[in-house]
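A short worksheet on the structure shown next.
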Amino acid sequence: KHVKRFTDYDLDSVYLWGERRHDLKLEFVQGPERIQWQQGAFPHDYPSVSMQNIQYGGKRYLILTNSSIEAVQVKVSGFPQGCMKTLDLHSGIYMASAGSIKATLQPYAVKLYRFEAIEGN
């Protein structure tokens, strides 16, 4: 189901040819920040939510993935205020973007966002 969404929105090209960015900040608001498990003698410890921040074709794409068995709410900040519009690719709804967004990810969920410059800015 998630692979179909990636190809429906041409995100395969975004992943292959896009430029990875590191200018946004991910903050945990609610839920576990890390996941841990033991595999044989080796313990593993990773952030519960991973973020891909990719610039491609004049647009910015944000992919958030929750690897936790619990819901996690995060805040992503660092977007230019007042000059970006945010499209939630799952719902098809444009959201107000005041420099940051909050997202609640259900267990094992993926959220996809596309940020575009507002014309005239």
*Do other residues, nucleotides or ligands put more than 12 heavy atoms under 6.0 Å from Gln30 CD?*
no
*Is the number of heavy atoms from other residues, nucleotides or ligands within 6.0 Å of CD1 (Ile69) greater than 12?*
no
*Over all heavy atoms of both residues, which pair between Met51 and Leu24 is shortest? Give the atoms and the distance, please.*
CE-O, 3.8 Å
*Are the side chains of Arg60 and Arg114 in touch, meaning some heavy atoms are under 4.5 Å apart?*
no
*Taking atom types as modelled, find out whether Asn53 and Arg20 have a side-chain donor-acceptor pair closer than 3.5 angstrom.*
no
_Within this structure, what is the CG-OH distance for the pair Leu112 and Tyr61, rounded to the nearest 0.5 Å?_
10.5 Å
*Mind listing the closest non-hydrogen atom pair of Lys25 and Glu27 along with its distance?*
CE-CG, 3.8 Å
*Would you call the rings of Phe115 and Tyr113 parallel, tilted or perpendicular if under 30° counts as parallel and over 60° as perpendicular?*
tilted
*Do the side chain of Ser48 and the main chain of Pro32 share a donor and acceptor less than 3.5 angstrom apart?*
yes
*Determine, stepwise, if the pair His44 / Gln39 fulfils side chain to side chain contact (heavy atoms under 4.5 Å, CB included).*
CA-CA 8 Å; His44 298 277; Gln39 188 172 2; 3.5 Å; yes
*Is atom CH2 of Trp37 surrounded by more than 12 heavy atoms (other residues, nucleotides or ligands) closer than 6.0 Å?*
yes
*Look up atom NZ in Lys75 and atom NZ in Lys102, then write down how far apart they are to the nearest 0.5 Å.*
6.5 Å
*Closest heavy-atom contact between Leu105 and Leu64?*
CD2-O, 3.5 Å
*Find the distance between OG (Ser68) and CZ (Arg34) and round it off to the nearest 0.5 Å.*
12.5 Å
*asked:* Less than 4.5 Å apart, side chain to side chain, heavy atoms only: is that true for Ser13 and Tyr56?
replied: yes
_Do Val76 and Leu62 have side chains that approach each other closer than 4.5 Å (heavy atoms only, starting at C-beta)?_
yes
*In terms of hydrophobic clusters joined by side-chain contacts under 4.5 Å, are Ile35 and Val72 together?*
no
*What is the distance from atom CD of Gln52 to atom OH of Tyr15, rounded to the nearest 0.5 Å?*
4.0 Å
*Just by distance, do the side chain of Asn66 and the backbone of Val49 share a donor-acceptor pair under 3.5 Å?*
no
*Shortest non-hydrogen contact from Pro107 to Glu70?*
CG-C, 3.8 Å
